[in-house]
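To find a chain, count down the sequence lines: A is the first, B the second, and so on, and within it residues start at 1.
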Number of protein chains: 2
Amino acid sequence: MEAPYRRIAADLRRRIRAGELAPGDKTPSTRAIARDFGVALATAVRALAVLKEEGLVEARPRSGTVVAATLSRPRRHHGTAELTRERIVREAIAIADAEGLSTVTVRSVAVRLGVSAPAIYRHVRGRDDLVRTMADLAYGEERYPDAKLGRRDRLEMVARVLWRIYRRHPWLPHLTPLGRPLPLPGVVGHGEQLLLALDGLGLDPATMMTTEVMLYAYVQGLAVHLEREAQATSATGLSEEQWVDTQAGAINAMFFTGRAPLSAKLISDLGPDGFDFDLDRIFEFGLQTLLNGLGIGKAGW
Amino acid sequence: MEAPYRRIAADLRRRIRAGELAPGDKTPSTRAIARDFGVALATAVRALAVLKEEGLVEARPRSGTVVAATLSRPRRHHGTAELTRERIVREAIAIADAEGLSTVTVRSVAVRLGVSAPAIYRHVRGRDDLVRTMADLAYGEERYPDAKLGRRDRLEMVARVLWRIYRRHPWLPHLTPLGRPLPLPGVVGHGEQLLLALDGLGLDPATMMTTEVMLYAYVQGLAVHLEREAQATSATGLSEEQWVDTQAGAINAMFFTGRAPLSAKLISDLGPDGFDFDLDRIFEFGLQTLLNGLGIGKAGW
DNA sequence: ACCTGAACACCGTTCAAGT
DNA sequence: ACCTGAACACCGTTCAAGT
């Protein structure tokens, strides 16, 4: 909504469309953008990258960025790859991976495919259907080998496969396609592997399902935080300063009101660098804790 | 976006605003709406409920619903409670609790407070700020007693308090305000209680933080699914049929492709009623598993 | 000082009209 | 048959103008 790089990109886009910046003209440099809009350099870079992806501008090595000659002409239909459901979904996933799920709009996907927005509706029922299909496809990316594994090893493996998928697609855990009989074909494979590990323990069906759902929910629940991490490390510019602001307020609240002395102590014990919020480590720690709690030993069945 | 009850409500709203339905006129009955729009009765009821909340229509017991006399006149300013940040945030929470976070828009909050949309910006920086403040307020609702409790009892208590908050506000776990030093004042109290339980175990600071974050993430991660449950049981009408459709596809995929035999068997073992997806039970099961895995006994410290 | 109307740049989605 | 232009009902947000 308010990502600054998007606003800057929108501004430049309008100026290009209006003819204020003609084909061949240099766009403002990243430094100029950073100065004029009062943002970090990384944000300016990102704004230009958006326009580059749209084909509105082109990088001229050693001379800057110029407005492209063929101004946002949608690619002609003949000669170009046919518009298919698969291409639409893959493009949407690419956008979500790079810029977050909220930037996946019917219109943005259409632009990137050089097609009008209504054309999308020929292959997809609507945005909800699109997102659901993205999830299905993303979940289905990983194949499991037929290896013989002990219970614990297998449970760990499935959890790590899911974790890997979420790392690749940080928007995915938000979609919560956990549910009664898992509704997405792409999810079924993971559940199946979990059941393979739990099979033969003599668990009643309900307990089996509960265990499966709990493990799945643990991974997904933690993975939700990967998106925040991805956005923090990506060049959103603003978020850096904003983060420091909020953080300062929270730390103040903890230290000076004295209402949370243990939190304050922990923060100071962690030293000036703070806690390196390593989600991979937290994930492993929680996974081992859960499996230990289930009483599933390393030895296997 | 596409919730049918909202579309129906919007349609009726427009007809009222256009004068097609004048004050005192009967609105279409729920039965008529269900028939004309091809939706479930519950959806029709819900559509009218929306208009009722907006003050556009009134229920006339034993005679149906009529268009209200005072047509959406924003409440006059004098005599009415002053517009404050707190009132805005509370109204937004009420909307989110009842209809989901996606229906909380600057404009919808403004309408419910009888005020123009820009007026909201006098008290709140924007939608993001509003949502963040909603979370802070919701997290801060519960107070902890000063009771002396053993480690395990205290950890269970904190987890259950969080769970209760999420039950009340199913939109809350989506906001992932987990983070480095937790940025929301309202969250600090919960972290403090967790640390109180973990204090004195001789854990190094990093492990302490990891444990805290993991427990917190577990509760939040599972709670994300409460929203789906809330929406499934609420009268969204459509979702019921859609659910069955999707489910049928998934079950087919499992049974007939034979690629997920264990899942298929589990489904059939669970019997015709399926698994009653009781999140409270799954929550308790996972909580006990985690605490067992941490090696924190019931006995206490 | 506080609030509103009008506007702008976006959404998702529909539908008649074009090729 | 396939795609587009134009339109509609929404968004968040800004700003000049009103009281």
Colleague: Among dT4(D), dG12(C), dC11(D), which nucleotide sits nearest the side chain of V115(A)?
Modeller: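 Nearest listed nucleotide: dT4(D).
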Colleague: Roughly, in whole Å, what's the span from OH in Y121(B) to P in dA16(D)?
Modeller: 17 Å
Colleague: List for me each residue that meets side chain to side chain donor-acceptor pair (under 3.5 Å) alongside D136(A), sequence neighbours excluded, and say none if there are none.
Modeller: none
Colleague: Which nucleotide, dC15(D), dG5(D), dT13(C), lies nearest any side-chain atom of P118(B)?
Modeller: dC15(D)
Colleague: In whole angstroms, how far is the C1' atom of dC11(D) from the CG atom of L130(B)?
Modeller: 14 Å
Colleague: Of the nucleotides dC2(C), dT4(D), dG12(C), which one has an atom closest to the side chain of R122(B)?
Modeller: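 Of the candidates, dC2(C) comes closest.
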Colleague: Can you give the dot-bracket line for DNA chain D, where a pair is Watson-Crick or G-U wobble with both atom distances under 3.5 Å, crossing pairs use [ ], and | marks a partner on another strand?
Modeller: ||.|||||...|||||.||
Colleague: To the nearest angstrom, how far is L83(A) atom CG from dC3(D) atom P?
Modeller: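 Rounding to the nearest Å, CG of L83(A) and P of dC3(D) are 6 Å apart.
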Colleague: Heavy atoms from C-beta onward define the side chain here; which of dC3(D), dT14(C), dT13(D) lies closest to that of V106(B)?
Modeller: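 In terms of side-chain proximity for V106(B), the closest of dC3(D), dT14(C), dT13(D) is dT13(D).
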Colleague: For E86(B), what residues pass the side chain to side chain donor-acceptor pair (under 3.5 Å) criterion, not counting sequence neighbours?
Modeller: R90(B)
Colleague: Which nucleotide, dG12(D), dT4(D), dC3(C), lies nearest any side-chain atom of R127(B)?
Modeller: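 Of all the options, the side chain of R127(B) is nearest to dG12(D).
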Colleague: Run the side chain to side chain donor-acceptor pair (under 3.5 Å) test against R122(A) and tell me which residues pass, sequence neighbours left out.
Modeller: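 Expected list: none.
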Colleague: Side chain of A117(A): nearest nucleotide among dT13(D), dT4(C), dT13(C)?
Modeller: dT13(C)
Colleague: List the residues meeting side chain to side chain donor-acceptor pair (under 3.5 Å) with R107(A), not counting sequence neighbours, and say none if there are none.
Modeller: none
Colleague: Let me know the distance between CZ of R107(B) and C1' of dA7(C), rounded to the nearest Å.
Modeller: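 Computing the R107(B):CZ to dA7(C):C1' distance gives 10 Å.
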Colleague: Taking atom C1' of dC3(D) as reference, at what distance in whole Å does atom CZ of R87(A) sit?
Modeller: 14 Å
Colleague: Distance from L137(A) atom CG to R85(A) atom CZ, nearest 0.5 Å?
Modeller: 9.5 Å
Colleague: Rounded to the Å, how far apart are L101(B) CG and dC11(D) C1'?
Modeller: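 From L101(B) CG to dC11(D) C1': 14 Å.
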Colleague: Round to a whole Å and report the spacing from CD1 of I120(B) to P of dC2(C).
Modeller: 15 Å
Colleague: What's the CG-P distance between D128(B) and dG12(D), to the nearest Å?
Modeller: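 Rounding to the nearest Å, CG of D128(B) and P of dG12(D) are 10 Å apart.
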Colleague: Please tell me if the side chains of I88(B) and T84(B) come closer than 4.5 Å, counting only heavy atoms from C-beta onward.
Modeller: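 No; the side chains remain at least 4.5 Å from each other.
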Colleague: Check side-chain contact (heavy atoms from CB on, under 4.5 Å) between A96(B) and all other residues, then give those that pass, not counting sequence neighbours.
Modeller: L101(B), V104(B), M134(B), W171(B)
